[in-house]
Amino acid sequence: MKSLSILGSTGSIGVSTLEIIAAYPDRFRVAAMTAGRNLELFARQIRQFSPRIASVASMEDVPRLQELCAGINVEIMGGADGLTAAATADEAGMVVAAIVGAAGLTPTAAAVRAGKDIALANKETLVTAGHIFMEMIAHYGVKLYPVDSEHSAVFQSIEGHRSEDISRIILTASGGPFLNTPVEQLTGVTVRDALNHPNWSMGRKITIDSATMMNKGLEVIEARWLFDAAVEKIDVNIHPQSIIHSMVEYVDGCVIAQLGTPDMKAPIAYALSYPERVATGVKPLDLTTFSGLTFFKPDMAKFRCLGLAYRAINDGESMPAVMNAANEIAVEAFLAGRIGFIQIGEIIERTMDAHLAHDLKSIDEVLLADNWGRNKAREFLEAV
Ligand code: NAD
Ligand code: MG
């Protein structure tokens, strides 16, 4: 029996994770879970999965959650302390890091320090603190399993191979809802258009990141750290059908890819049950129903955010954390209707231009850089 702590149980990844757990009550149990604002759903999850600890992001929500959980044997907590308690719960052998944004960094790092294996959905952890986090993983001797579908695909495609034989990692990208929108029409797209992803159903922030292709940029940085790969060896191919989830090319010219119907339950289940595989209910792939699988290079002029992510990882040090922070602020402003779609990239670029990258030695220093990036991006936002 594997005991899990789920950080961000009410989100898109959190809900899919709980579906898998519910299907395998003999394999998995929930030790702790945390959520943000959706208290009604959270209370239903607590009732169904009986965690020992349940924590909400805001202390103000604790009384309401206690009310909703009346009669259930659970310790209700809140705020940063509750998040840490859930991330480090004694019984948990593995922590599913499924909070969105840099807010996921501190609890995920706490889980590593407490010796927990990590199923990592929160890519922002590696984007902001990559080298520090990977050193922590090695230092505390814990295992790190990717949940992001591309990274799960790479993880599956490198099994049994020597890392020195890898010549290239090819991350695939759907291209999002604006793949075929001419660049000059991007000015007029709405929040609704941007949230309308063709292949994947995900949380709002990552859905906007997919539309700008910042998501792929974050994934390049994630892959750089996860697989200790030079950035020059990580390519992005647009693959609108989202069937090949990523590929690894070897020095002998062989390419190994992982395919499947796009459904996050598959990579989540693999991270949870590794090295075993369990049935997930994901629709079997029938390649004969596709008229073709296509691939091409991304238009870097149109998807400016992808280029910014390459620039950030090439600058290194604090730049990816600052870029990520500016992206979170800009996406939030776009979702709130404060700025247009193309201004997301503009705000990120200005914030990066204003930043002089410097060395980061600890998670606390990453959080300072993150904070700097947020404040600077807010300044540019005010000026819009
Ligand atoms: P989501 O917005 O659907 O869910 C986020 C969860 O985190 C919710 O439970 C929310 O309550 C909680 N949360 C948000 N802010 C918080 C805060 N400040 N403190 C504590 N809890 C907070 O997001 P998602 O789509 O499930 O994505 C989660 C992470 O997984 C992201 O980093 C995303 O990039 C990554 N990811 C998601 C998908 C996907 O298909 N959704 C795929 C690959 C990677
Ligand atoms: Mg992905």
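Both ligands and their constituent atoms are indexed starting at 1 by order of listing.
Applying side chain to side chain donor-acceptor pair (under 3.5 Å) to K205 and the options E328, E124, E332 leaves one that passes, E124.
Interface of I13 with ligand 1, defined as ligand atoms under 4.0 Å from a residue heavy atom, comprises 26 (O), 30 (O), 37 (C), 38 (C), 39 (C), 40 (O), 41 (N), 42 (C). Using a 4.0 Å cut-off to heavy atoms of T10, the atoms of ligand 1 that qualify are 8 (C), 9 (O), 11 (O). Of all atoms in ligand 1, listed by their number and element, those nearer than 4.0 Å to a heavy atom of A103 are 17 (C), 18 (N). Atom numbering of ligand 1 starts at 1 in the shown order; those under 4.0 Å from a heavy atom of N122 are 32 (O). Close contacts between ligand 1 and A121 involve ligand atoms 30 (O), 32 (O), 35 (C), 36 (N), 44 (C) [criterion: under 4.0 Å to a heavy atom]. Contact atoms of ligand 1 toward A35: 11 (O) (distance under 4.0 Å to a heavy atom of the residue).
E365 places a side-chain N or O within 3.5 Å of a backbone atom of K361 that can act as its donor or acceptor partner. Not a single donor-acceptor pair under 3.5 Å links the side chain of S16 to the backbone N or O of M264.
Between L83 and ligand 1, not a single N/O pair is under 3.5 Å apart. Among the atoms of G11, some N or O lies under 3.5 angstrom from an N or O of ligand 1.
At a cut-off of 3.5 Å, with distance as the only test, a side-chain donor of N199 or S242 sits close to an acceptor on the other residue. A donor-acceptor contact under 3.5 angstrom links the side chains of E159 and Y274, judged on distance only. A donor-acceptor pair shorter than 3.5 Å cannot be found between the side chains of S157 and Q258. With 3.5 Å as the limit, one finds no donor-acceptor pair spanning the side chains of E91 and S3. Between the side chains of T190 and D193, at least one donor-acceptor pair of N or O atoms lies under 3.5 Å. A side-chain N or O of N122 and one of T125 form a donor-acceptor pair less than 3.5 Å apart.
The closest non-hydrogen atom to atom 13 (N) of ligand 1, taken over D209, I99, L120, comes from I99. Of the listed options P262, G36, A98, A98 places a heavy atom closest to atom 6 (C) of ligand 1. Remark: among candidates T125, V100, V15, the nearest residue to atom 31 (C) of ligand 1 is V100, based on non-hydrogen atoms.
In terms of protein heavy-atom proximity, atom 41 (N) of ligand 1 is closest to S12 OG, 3.2 Å. Of the protein's non-hydrogen atoms, the one nearest atom 34 (O) of ligand 1 is K123 CE, 3.1 Å. Among protein heavy atoms, atom 19 (N) of ligand 1 sits closest to A57 CB, 3.9 Å. Atom 36 (N) of ligand 1 has I206 CD1, 3.6 Å as its closest protein atom, hydrogens excluded (heavy atom only). At the top of the distance list for atom 32 (O) of ligand 1, counting protein heavy atoms only, stands E124 OE1, 2.6 Å. In terms of protein heavy atoms, atom 43 (C) of ligand 1 is closest to D148 OD1, 3.0 Å. Closest to atom 25 (O) of ligand 1 among all protein heavy atoms lies G203 N, 2.9 Å. Scanning all protein heavy atoms for the shortest distance to atom 42 (C) of ligand 1 gives M264 CE, 3.6 Å.
R29 forms no cation-pi arrangement with F49, by the criterion of a distance under 6.0 Å to the ring centre and an angle within 45° of the ring axis.
Using a cutoff of 4.0 Å between basic side-chain nitrogens and carboxylate oxygens, R168 and D235 are scored as salt-bridged. Between E40 and R64 there is a salt bridge, with a side-chain nitrogen of the basic residue lying less than 4.0 Å from a carboxylate oxygen of the acidic one.
Ring geometry for F155 versus Y145: interplanar angle over 60°, hence perpendicular rather than tilted (30 to 60°).
Smallest separation of non-hydrogen atoms from M352 and L308: CE-O, 3.4 Å.
Protein N/O/S atoms closer to the Mg ion (ligand 2) than 2.8 Å number 3 in this structure.
For residues 289-310, the pairs satisfying ring pair (Phe, Tyr, Trp, His ring centres under 6.0 Å) are H239-F295, with sequence neighbours left out.
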